[in-house]
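A short worksheet on the structure shown next.
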Amino acid sequence: MIDIRSAWRLIWLLCALPLAVLAGRLLTHDLGPNPQEAILRYTGVWSLTLLLVTLGVTPLRQALRWSELGQLRRMLGLWTFVYACVHLLSFWAFEHEFNVVAVLKDGLKRPFVTLGLLSFAMLIPLALTSHRAAVRWLGPNWKRLHRLIYLIAVLSCIHFFLHRAGKNNFVDPAWAAAVTTLLLGLRAYLRR
């Protein structure tokens, strides 16, 4: 097996790479005719991708019988939150010029925005309680709180589907939904 420290460094670099690529594309003006939309889509897809990778750690850990792999889950979850923050900040800046009231009104008007905001709001307590002190402080409630990841994954897939439905693109959301269903099914099976 790979040393956990080496795996941690490698995963950290792999998680940072898409942001570096985005920064490079931004600096070289290589984001197409609508850079704002490109940034929103890119960060949204990476948020969901990392969320699903995070969700996949436990089944993979159990399949490989590599208990140390669980240590990577926290880092992956925090990277998910980083990409979700960039996604939300981009939406807030590009769509609403940092107007909080406009974002809330948009959330009431468009269901995909509502689900995106709700998913992000649920990610906040997970990120804030990802450190060891919170695990000790919350005790068994920590696990209960962090089970929100299942609901966040489902809501994020619906958010993605509703956004892409407006553009008649169902392929990527279908893949995300299939992976989410598989991972949730595996987790339920392994719990038994």
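As the structure is a prediction and not an experimental result, all values here were calculated from the model. The first residue in the sequence is number 1, and the count goes up from there.
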Taking the side chain as everything from C-beta on, heavy atoms only, tell me whether Lys109 gets closer than 4.5 Å to Val113.
no
Donor-acceptor contact below 3.5 Å, side chain His159 vs main chain Phe112
yes
Do Arg25 and Tyr42 get their side chains close enough for a donor-acceptor pair, meaning under 3.5 Å?
no
Restricting to non-hydrogen atoms, name the atom on Ser47 and the atom on Thr80 that form the minimum distance, rounded to 0.1 Å.
O-CG2, 3.6 Å
From Leu115 CG over to Cys157 SG, what is the distance, rounded to the nearest 0.5 angstrom?
11.0 Å
Using the side-chain contact (heavy atoms from CB on, under 4.5 Å) rule, take Val179 and Leu183 through it: C-alpha gap first, then chi angles, then the decisive distance, then the call.
CA-CA 6 Å; Val179 171; Leu183 290 172; 3.8 Å; yes
Contact check, side chains of His163 and Arg41, non-hydrogen atoms, under 4.5 Å:
yes
Between Leu123 and Ala84, what is the shortest heavy-atom contact and its length?
CD1-CB, 3.8 Å
Those residues at least two apart in sequence (or on a different chain) that pass side-chain contact (heavy atoms from CB on, under 4.5 Å) with Leu186 are Pro59, Leu182
A side-chain contact here means heavy atoms from C-beta on lying under 4.5 Å apart; do Trp92 and Leu89 qualify?
yes
Do the side chains of Phe120 and Cys85 get nearer than 4.5 Å, heavy atoms only?
yes
Listed partners of Trp175 passing ring-ring contact (aromatic ring centres under 6.0 Å, His included), at least two apart
none
Arg74 to Ser130 - nearest heavy-atom pair and separation:
NE-O, 2.6 Å
Hydrophobic clustering (ILVMFWY, side-chain heavy atoms < 4.5 Å, transitive) - are Leu155 and Leu108 grouped together?
no
Could you walk me through whether Leu145 and Leu148 pass side-chain contact (heavy atoms from CB on, under 4.5 Å), step by step?
CA-CA 6 Å; Leu145 175 65; Leu148 276 176; 3.9 Å; yes
Within the structure provided, determine whether Leu55 and Val53 are in side-chain contact (heavy-atom separation under 4.5 Å).
no
If you take all heavy atoms of Asp106 and His96, which pair is closest and at what distance?
OD2-NE2, 2.8 Å
Just how far is it from atom CG of Leu118 to atom CE of Met122, taken to the nearest 0.5 Å?
4.0 Å
Please check if Phe94 and Leu27 belong to a single hydrophobic cluster, counting links between Ile, Leu, Val, Met, Phe, Trp and Tyr side chain heavy atoms closer than 4.5 Å.
no
What do you reckon, are the aromatic ring centroids of Trp79 and Trp46 less than 6.0 Å apart?
no
Compare all side-chain heavy atoms of Arg9 with those of Ile11 and state whether any distance is below 4.5 angstrom.
no
With a 4.5 Å cut-off on side-chain heavy-atom distances among I, L, V, M, F, W and Y, is there a chain of contacts connecting Val100 to Leu117?
yes
Does the His131 side chain pair with the main chain of Ala134, one donor and one acceptor, at a distance under 3.5 Å?
yes
Given 3.5 Å as the limit, does a donor-acceptor pair link the side chain of His87 with the main chain of Thr43, or not?
no
Does one hydrophobic cluster hold both Leu78 and Leu72, with members joined at side-chain heavy-atom distances below 4.5 Å?
no
Nearest heavy-atom approach of Leu50 to Cys15 is CD2-SG, 3.8 Å
Ser119 side, atom OG; Ile124 side, atom CD1 - distance, nearest 0.5 Å
11.5 Å
Can Leu10 and Ser6 be said to form a side-chain contact (heavy atoms from CB on, under 4.5 Å), step by step?
CA-CA 6 Å; Leu10 177 64; Ser6 301; over 6 Å; no
Between OG1 on residue Thr180 and CG on residue Leu52, distance to nearest 0.5 Å:
4.0 Å
OH of Tyr189: more than 12 outside heavy atoms within 6.0 angstrom?
no
Group every Ile, Leu, Val, Met, Phe, Trp and Tyr by side-chain heavy-atom contacts under 4.5 Å, then state whether Leu17 and Ile39 land in the same group.
yes
Separation of Asn34 CG from Gln36 CD (nearest 0.5 Å):
6.0 Å
side-chain contact (heavy atoms from CB on, under 4.5 Å) for Tyr150 and Arg187? Distances and angles first, verdict last.
CA-CA 10 Å; Tyr150 309 135; Arg187 290 180 72 96; 2.9 Å; yes
Contact between Leu19 and Tyr83 at the side-chain level, heavy atoms closer than 4.5 Å - yes or no?
yes
Is there a donor-acceptor contact under 3.5 Å from the side chain of Arg73 to the main chain of Val57?
no
With rounding to the nearest 0.5 Å, note down the distance linking CH2 in Trp8 to CD in Gln71.
11.0 Å
Whether the Ser67 and Arg61 side chains hold a donor-acceptor pair (N or O, under 3.5 Å, no angle test) is what I'd like checked.
no
Is Leu126 close to Ile152 at the side-chain level, that is, under 4.5 Å between some pair of heavy atoms?
yes
Please report the shortest heavy-atom distance between Leu162 and Pro111, naming the atom on each side.
CD1-CB, 4.0 Å
